[in-house]
A.B. asks: 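One structure follows; several queries about it will come next.
It should be emphasised that the depicted structure is a prediction, and the values quoted were computed from it without experimental measurement.
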Amino acid sequence: MGKLGYINYLDGFRGFCCMFLVGYHWPMPTMSIPFGWEVLQAFFVMSGYLITRILVHDKAKQPSLKDFYTRFIYRRSFRIFPLYFAYIAFWVVVFGVAIVANIGLLKQISEEVGRNLGFLLTYTYNFMGLANHFRDVEYLGSAVFGHLWSLSLEEQFYLFFPLAVYFLSRKNLLYTCVAIIVLSPLLRYGGYEWLYSIQPDTKWAATSLYRMAPFQMDSFATGALLALTGFKWIKKPILATLSLLAFIVGLYIFIRWYTVAYQGTSFQEIGANRNLESWLIHDYQHVYILSLVNIAAAMIFMCFERGHGLLPKVFSNSILAYLGKISYGIYILHMPVLLCWLIFYTKLVPIGIRDAYPLAYEMVAWVIYMSVLLLVSHISYKYFEEYFLHWKEKIDAKKFANLRK
């Protein structure tokens, strides 16, 4: 196998998806996006796809298990750990200052440090809800840590999947991915019933289900399957992808209509205002809709891989590509930047102006927020993350030259 090529247009797609997630978390009505979890699923599928390509390429060089595993883990660590742990350390300091100085607002923002620091430090934050149920610790939500569960989920995949690639033949790895994809809907069905039985709270059960690794395995497995097969049996990739996307949209529309017409439930109660937990459990969507979205994301990447349509050209755009490059910083930093900006902005603008010109109020808030977020993320990448990326490549060239070819 030759040297593994860099897929530059996936940076653009990553940047686009990251902006979508930022819109999903925007709290005001005009610029908010009611559905954004699908984009997060696409990130998981993308991780499965890219990581499998890397691991299969490295395995073909016939390295020892130590070199194979060590190289992968340290490269991921140099990319992920510095900003992640610097971010947590910052809020630990803030929490300490808030306690010592008795600053109420700072204590309220950073108080989760006192309850769930262990989960954050060990990348087990996605299991925090379940663990805290048995610890009898209430989870109140977090404006600065709540989005980090997805990084815990990805890190768990990074720890265990390389071992599967190393010890399984390509054929058995393929069969394993198919088995995971087929069985995951059943696992989610049983998992939700179990979670609801131990705590009959639909929001808690649905949130725990969505975040925990056993119920998201097919997201990564779908991406891995694409990396292993290229979905070569699909002869008309654009038509197949558009057909599946149209089916998913039609399914959303049907569920909304069916809910209102036959179940007497307002759509506001099950899906609007980013009410993800209620939406995903309604009509057993947690069983099948995740699988459909994962497959659709993988098929989009299939179109990328085969160079079909305008997708590769559109997402090779330099602006989107750079957003993809700094997307890790955007994702980690967007919630605290949003929180700090809105606190300042609501105090800055008189309530009379907000009520009289709500659209102008929101648009100004959005433009300034995005400008600050992109600037902070750029600084993070250029003057912090890039330092560690440089060392990653330097060490890689010195210790694993044979795997870089």
A.B. asks: I'd like to check N294 versus F44 (side-chain heavy atoms, cut-off strictly below 4.5 Å). Are they in contact?
C.D. replies: no

A.B. asks: Going by atom types alone, do Y125 and E112 pair a side-chain donor with an acceptor below 3.5 Å?
C.D. replies: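 Y125 vs E112: donor-acceptor pair found between side chains.
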
A.B. asks: Assess the pair Y123 and F81: is the distance between their ring centroids shorter than 6.0 Å?
C.D. replies: yes

A.B. asks: Please check if the distance between the ring centroids of Y387 and Y383 is under 6.0 Å.
C.D. replies: no

A.B. asks: Step through it carefully: locate the ring centre of Y284, locate the ring centre of Y192, and say whether they are under 6.0 Å apart.
C.D. replies: no

A.B. asks: In terms of side-chain geometry, is the basic nitrogen of E393 or R75 positioned less than 4.0 Å from the acidic oxygen of its partner?
C.D. replies: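 A salt bridge is present here (some side-chain N lies under 4.0 Å from a carboxylate O).
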
A.B. asks: Is there a donor-acceptor contact under 3.5 Å from the side chain of R170 to the main chain of L228?
C.D. replies: yes

A.B. asks: Strictly below 4.0 Å, N to O, side chains only: are K61 and D67 in salt-bridge contact?
C.D. replies: no

A.B. asks: Give every residue pair that meets the side chain to side chain donor-acceptor pair (under 3.5 Å) criterion with at least one member in residues 332-347, sequence neighbours excluded.
C.D. replies: H25-H334

A.B. asks: Do Y210 and Q41 have side-chain atoms, one donor and one acceptor, less than 3.5 Å apart?
C.D. replies: yes

A.B. asks: Between F304 and F13, how do the two ring planes meet: parallel, tilted or perpendicular, split at 30° and 60°?
C.D. replies: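 Perpendicular: the ring planes of F304 and F13 meet at over 60°.
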
A.B. asks: Would you check if the side chain of E362 reaches a backbone N or O of T30 as a donor-acceptor pair within less than 3.5 Å?
C.D. replies: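 Answer holds: yes.
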
A.B. asks: Counting the benzene-type ring for Trp, do W233 and F231 have ring centres under 6.0 Å apart?
C.D. replies: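 When the ring centroids of W233 and F231 are compared, they turn out to be within the sub-6.0 Å range.
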
A.B. asks: Taking F68's backbone N and O only, do any of them form a donor-acceptor pair with D58's side chain (distance below 3.5 Å, no angle check)?
C.D. replies: no

